[in-house]
Amino acid sequence: MGIAGRFHDGQVAQVHVVGLEYEHAGATGTLVIRDEDGVELGRWPATDLYALHGRKDELRLGANGQPTGARVVVRGRVDVARVLATLPVLHAKRRQQAGREIRLAVTATVALAAVIGAYLYGVPLLASRIVGLVPPAWEQSLGETVARQMEASLGDSGGLEACDPDPDSLANRAIARFGAAVLEGSGSPFDLDIKVVKSEIPNAFALPGGQVFFFSALLDQAETQDEFAGVLAHEVGHVAHRHGMEQLISTAGTGALIGFILGDMTGISVAAGLGATIIDARFSRDAERQADAFAARAAERMDFNPAGLADLINRVGADDEFARALALLSTHPLTDDRKAALEILSQQRPTGLEPPFTATEWAAIRSMCGEPVAGTTPKTKSK
Amino acid sequence: MSSVQEQPVPVVFTGTRSELAGMLLRGYGLLIPTIGLYRFWLTTWKRRFYWANTEIDGDPLEYTGNAIQLLLGFLMALAVFVPLYGLFFFLSTQSSEAAIAGYSGVAVLLWFLMGYAIYRARDFRLSRTLWRGIRCDQGGSAWGYAWRRFFWSLLVLVTAGLAYPFMAASLWAYRYRHSWYGDRQFGFVGSWKQLARPFYLTYLVVVVIGAVGLGMGSAMGGLPVSGATPTVGGVVVLLIAAGLIGLMLLYYRSREISRMFSSVRLGEAALRVTVRARSLLGQYLLFGLALAGSYIVLAIGGLIVLGVVASGAFAGGAFDPQVFMQALQSSITVLLAIIFGYLLLLGAFSLMVELFLGLGFWRLVARGATITGLDSLRTVKARGEDTALAGEGLADALNVGAY
Ligand SMILES: [Zn+2]
């Protein structure tokens, strides 16, 4: 009798203890399966054989043309080695199968990498296209929701109380007029709503839908009209370009992609958040550049220096390390090349323009949140 | 021999932890260059390991599924998830009330879909399980199962958990009464009565311990109420209460597993499973130790790496978040180090889960199982093919099912 094995015919749940023999016929041969009494239970041509995955030191064979469950099982390192030596076709078939799977895995990986690549380069483009499809009314209501949430979260530290609640005050009218003048000609569907609010964090930002918040702490640190107008024009640029909405869409897209990679579409996982932040940092740098350029274009119509923006950001940063981490820089990273670009933009301005605010207006704006911090007396434009 | 006199046959598990660990480590390594796609292969290898090492009466199970089926299933599930994700995104931009209503709606929908996914995944696994050359299968309707599970869970919610034994028994019965081995249908003889005693006992004890523990703990100031720092004594009481509740839950789980598995029949063959609560506890303790150990090693390694690549942030002995964040954004090395570190943490966690909870649980059930009347199965015949299933689809995307 040949090598001992177990045989299942794939039709009935029987187990046959069998002996396996190999009949050579030229280059190939046949596996003959006989039970203990020598009765032949099956003849499997070697070319039809394939190996299945079993545990260690166990060889499971199936054969084409046989019931799918039919198996010959050989156990023990020595016996398995003997069968494999007799049947080199098994090696070849397994290599073939492995090759097929590897090719498929590589193809799928390349496809996924292509999707990611297309995403990285396409999303800023795609996001701005999709933003074009978002109804302005929707974006506006979204902005209001965000503002409410923000107010709720800042509720115990004073909320977002407006410095000057009267919309017809000199300061508010001047700010609204400036905002409208900056936005003019951009074709933006939004009406600006610029609020100067009380907060100890030196920051300013634009929400989707036209709301711009300017925190009193930042206003306190602004020494010139240029700085205040520069930051405001920059924020209006974010509104005009609908960056808030764009960011939201790209974040959602990044989350979906990372969920896909990790295979966990439901888990709002840490990875998705982390990944989204890192990838989105790229988009936000593009957005900053666009908003700077927008502010510079506005500075061609009114007499303020867009580079004042950079001065203010620098001053806030020099003041307090912690505030810096938390505040303006974190939402508006100021890189050296951005600063340089602002300087160049500020040098190409025409002369003989009107300043954005009159001296009295600027004084009113400066004092709208109460007395500014001692030592920084209001200055009007000296140029 | 007469089948009445037949000795119960123990199920044997032959796999080792180190074998599984080697396979998993190699798999995790391959996940990186394949951007995560290797997970379908890894799952397949893992199942081959579990199936092939589970031996019943001298013959191991065989898992006949392959990775490509899983990959296709996942791609099909995306068709459901991409619109759902879009809906999720849309809701997140709505006013708070609308968003909350919408989120709840999506959560309920997911809960319902999970039932469907669980059943389909079980179908996929069973129909790719071979023993003695004969394939298992699952009939029934996945939607029917999803509805049952959904309405039962509503009832459990309404009754503050008291209806749970009825739900568990009903779902176990549905699963097994629609399962097949070849042309022979599984049966299920269990009922809620077998779960009632351990469940209501556990329920009562958990409620009492919970109430007493919470009462005592908060009286001793263990809860951080209105910004006050919790007292040591109070925290200890709360922790003891939580530990006791955990023990009770393990006790109940061991009873449910043992009694429900022991109610599974296949013609004249009967399964009997004994899993002890202390064995379950042992698995969790071992898992906790292993996880803590691996995280300590990773933390030490991580600090060293971080100190090298982002030394600026730690300059002067103090941690500077701003410099750190700036280093983060500017330096690709730091970025890679952080991503790599995160992947290591994730990898260590899932490795320990698989090695100590996954393998541990499978081994406990397999080694606690005996089967009587196995000889009666020698007449089971094969049934036709079940080719309708391409992967587990939804189940993979929803992340259900442990094996
Ligand atoms: Zn900006």
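Here is the naming used below: chain letters follow the sequence lines, and residue numbers restart at 1 for every chain. FYI, side chains are in, hydrogens and waters are out, and symmetry mates aren't considered; it's all heavy atoms of this structure.
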Exercise. Thinking salt bridges, do Glu19(B) and Lys56(A) make one under a 4.0 Å N-O criterion?
Worked result: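 Answer for the salt bridge query: no.
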Which one, [options], leads in non-hydrogen pairs under 4.5 Å with chain A?
options	value
Ala382(B), Pro60(B), Gly182(B), Ala67(B)	Pro60(B)
Ile68(B), Asp57(B), Thr64(B)	Ile68(B)
Trp131(B), Trp45(B), Phe49(B)	Trp45(B)
Asp59(B), Asn53(B), Thr34(B)	Asp59(B)

Exercise. Considering only heavy atoms, which portion of Glu101(A) lies under 4.5 Å from any heavy atom of chain B: side chain, backbone, both, or neither?
Worked result: both
If you define the side chain from C-beta out and look only at heavy atoms, does anything of [X] sit under 4.5 Å from [Y]?
X	Y	value
Leu71(B)	Leu104(A)	yes
Leu130(B)	His8(A)	no
Arg132(B)	Val12(A)	no

Problem set entry | Side chain / backbone / both / neither for Arg48(B) at chain A, heavy atoms under 4.5 Å |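 Contact with chain A is through the side chain of Arg48(B) alone.
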Seminar exercise, completed: Heavy-atom closest pair (Ala52(B) atom, Gly54(A) atom, distance to 0.1 Å) is CB-C, 4.0 Å
For this session: Under 4.5 Å, counting heavy-atom pairs only, tell me which of His53(A), Glu144(A), Arg75(A), Glu58(A) racks up the most with chain B.
Result: His53(A)
